[in-house]
2 protein chains.
Amino acid sequence: MYTKKIEEDLDCGIRVAAKVFGGKWKCCILDAINRGINRPADIGRYITDASARVIEMQLAELLFFGAIEKCAGEGFPKRTEYRLTPLGESILPILAQMDRWGLSHSEFIKERQRELENAEV
Amino acid sequence: MYTKKIEEDLDCGIRVAAKVFGGKWKCCILDAINRGINRPADIGRYITDASARVIEMQLAELLFFGAIEKCAGEGFPKRTEYRLTPLGESILPILAQMDRWGLSHSEFIKERQRELENAEV
DNA sequence: ACAATAACCGAAAAAAGATTCGGTAGGGAT
DNA sequence: ATCCCTACCGAATCTTTTTTCGGTTATTGT
């Protein structure tokens with residue numbers, strides 16, 4: 001895990017939230033686990049854009065901050081499975097709200113993004 | 001504004017949200033403007049931890065993506081003022097929810113953070 | 001026994017993002 | 001005229017985060 005050189009202010013709720021589920025792939029991982037995809041390798045196959053390494057690292061952080069828990073799987077080859085803890089579940093409504101907001105404005109934002117890219121050629 | 005080398009997926013609502021208000025200080029800036037602190041210099045004095053430059057840059061991005069608008073101030077020395085647009089206002093409930101979540105778990109997260117720091121000495 | 005898969009880790013490199021520094025230009029005050 | 005404050009901006013630098021790469025160990029299927 002990274003050690004920061006610049007002090008971070010955990011009295012601001014938003015910064016606390018960003019620390020726990022603010023990484024590039026953490027929201028996707030929480031979403032995947034919530035959908036029942038709970039083995040590392042499966043999560044990796046589900047989120048094809050992220051490397052296996054980053055998934056491991058972000059799983060480790062989610063685990064460390066108690067959003068998920070690690071347990072032995074049920075089936076025959078006993079493999080690692082991750083599950084949401086109550087803390088992790090309490091994040092889901094926020095993710096849903098952010099996703100709804102983003103989707104309802106995505107066309108507008110994409111259009112602005114295209115303008116930006118064309119201007120920069 | 002930065003141009004990314006790795007393609008970003010704006011079909012995911014959460015990524016769209018992160019793009020618009022995901023910077024380190026954008027939430028604070030939106031909060032400040034919402035509280036009626038709307039001139040750049042005042043925002044800079046309000047958010048003392050951030051440099052003037054980063055506030056300018058993040059104001060420019062919020063402006064570009066339409067979360068705030070720029071207008072001439074009312075008073076005698078006509079200075080720049082920023083205001084929330086309807087799009088910017090629609091972000092506020094999400095920030096409030098994130099802040100509430102973060103504050104209600106901040107003691108637990110701070111404790112974990114302390115453990116991490118002690119372990120790394 | 002052997003190949004394949006899973007889970008995981010360290011370290012280097014690359015990319016993204018934030019900060020610092022050194023400017024410009026305009027208006028107001030003395 | 002000079003000084004200060006405001007609003008900006010470009011570029012270099014530094015920090016943080018992500019990615020890539022090359023491993024280890026254990027387990028499973030053949």
Side-chain angles (χ1 to χ4, degrees), chain A residues 1-9 15 18-29 33 37-64 68-82 113 116 119-120, chain B residues 1-9 15 18-29 33 37-64 68-82 113 116 119-120:
Chain A
M1 255 176 263
Y2 306 109
T3 324
K4 301 206 184 190
K5 292 197 175 180
I6 294 175
E7 210 36 67
E8 57 186 346
D9 175 17
R15 303 289 260 294
K19 182 159 198 69
V20 177
F21 56 92
K24 188 169 178 184
W25 303 103
K26 282 188 196 147
C27 296
C28 305
I29 292 173
I33 295 177
I37 301 164
N38 27 28
R39 291 211 297 260
D42 290 338
I43 297 172
R45 276 185 287 265
Y46 180 66
I47 309 173
T48 48
D49 283 351
S51 63
R53 185 73 180 105
V54 80
I55 289 172
E56 285 159 22
M57 287 190 301
Q58 306 220 341
L59 279 170
E61 282 181 42
L62 288 167
L63 186 63
F64 183 80
I68 58 176
E69 60 188 352
K70 196 176 183 173
C71 38
E74 286 300 300
F76 164 46
K78 290 228 182 307
R79 299 220 186 86
T80 309
E81 286 192 8
Y82 291 96
Q113 185 62 30
L116 191 61
E120 271 170 7
Chain B
M1 254 175 263
Y2 303 110
T3 323
K4 299 204 187 192
K5 292 198 173 180
I6 294 174
E7 211 36 68
E8 56 187 346
D9 175 16
R15 302 289 261 295
K19 182 159 198 70
V20 177
F21 55 93
K24 188 169 177 183
W25 304 103
K26 282 188 195 146
C27 297
C28 304
I29 292 174
I33 295 176
I37 301 166
N38 27 28
R39 291 210 299 259
D42 290 338
I43 296 171
R45 275 185 287 267
Y46 180 66
I47 309 174
T48 48
D49 283 349
S51 64
R53 186 71 180 106
V54 79
I55 289 171
E56 285 159 21
M57 287 191 302
Q58 307 222 341
L59 278 171
E61 282 182 41
L62 288 168
L63 185 63
F64 183 80
I68 57 175
E69 60 188 353
K70 196 178 184 173
C71 37
E74 287 299 300
F76 164 46
K78 289 228 183 305
R79 300 216 186 89
T80 309
E81 285 192 7
Y82 291 95
Q113 184 62 29
L116 191 60
E120 271 170 9

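None of these values were measured; they are calculated from a predicted model. Sequence lines set the chain letters: A, B, ... in the order given, protein chains first and strands last, and positions in each chain run from 1.
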When the distance from CD of A/E81 to C1' of D/dT27 is rounded to whole Å, what number comes out? 16 Å
Are B/Y2 and B/M57 close enough that some pair of their side-chain heavy atoms sits under 4.5 Å apart? yes
Please work out the stems of DNA chain C from pairs that are Watson-Crick or G-U wobble with both distances under 3.5 Å, keeping only runs of three or more consecutive pairs. C:1-30 with D:1-30
Any idea which of D/dC8, D/dA7, C/dC8 is nearest the B/K70 side chain? D/dC8
Which atom pairs link the protein and nucleotides 16-19 of chain C when you take only N or O atoms and keep those under 3.5 Å?
| residue | atom | partner | partner atom | Å |
| --- | --- | --- | --- | --- |
| C/dA16 | OP1 | B/K5 | N | 2.7 |
| C/dA16 | OP1 | B/I6 | N | 2.9 |
| C/dA16 | OP2 | B/K5 | N | 2.9 |
| C/dG17 | OP1 | B/K4 | NZ | 3.3 |
| C/dA18 | OP1 | B/K24 | N | 2.7 |
| C/dA18 | OP2 | B/Q58 | NE2 | 3.2 |
| C/dA18 | N7 | B/Y2 | OH | 2.3 |
| C/dT19 | OP2 | B/W25 | NE1 | 2.9 |

Please tell me which of B/E56 and A/A52 maps to the more 5' nucleotide of DNA chain D, matching each residue to the nucleotide holding its nearest heavy atom. B/E56
Would B/L59 and B/I33 satisfy side chain to side chain contact (heavy atoms under 4.5 Å, CB included), going step by step from the backbone distance to the final call? CA-CA 11 Å; B/L59 278 171; B/I33 295 176; 4.2 Å; yes
Rounded interatomic separation in angstrom, taking CD1 from B/I43 and C1' from D/dC5: 16 Å
Ranking D/dT6, C/dC8, C/dA7 by distance to the side chain of B/R79, first place goes to D/dT6
Distance check, rounded to the nearest 0.5 Å: B/I29 atom CD1 versus B/L62 atom CG? 6.0 Å
Protein-nucleotide distance (A/L59, atom CG; C/dA7, atom P), rounded to Å: 10 Å
Rounded to whole Å, please give me the gap between NZ in A/K19 and P in D/dT16. 11 Å
Taken to the nearest whole Å, OH/B/Y46 to P/D/dT6 is 19 Å
Under-4.0 Å side-chain N/O to phosphate OP1/OP2 contact, A/T80 with C/dA6: no
Rounded to the nearest 0.5 Å, how far does CD of B/E56 lie from CD1 of B/I43? 11.0 Å
Point-to-point distance, once rounded to the nearest 0.5 Å, from NZ of A/K24 to CD1 of A/I47: 12.0 Å
What's the closest nucleotide to the A/P40 side chain, out of C/dA6, C/dC8, D/dT6? C/dC8
Below 4.5 Å, heavy atoms only, C-beta onward: do B/K70 and B/L63 meet side chain to side chain? yes
Measure the spacing between OH of A/Y82 and CD1 of A/I68 and express it to the nearest 0.5 Å. 6.0 Å
Treating A/Q58 as the side-chain partner and A/K26 as the backbone partner, does any N or O pair qualify as donor plus acceptor under 3.5 Å? yes
Counting just side-chain N and O atoms, does A/Y82 come under 4.0 Å of either OP1 or OP2 of C/dC8? yes
Rounded to whole Å, the CZ-C1' distance (A/R45 to C/dA4) equals 12 Å
Whole angstrom value for the distance that separates C1' of D/dC8 from CZ of B/R39: 16 Å
Euclidean distance, B/L116 CG relative to A/E61 CD, rounded to 0.5 Å: 9.0 Å
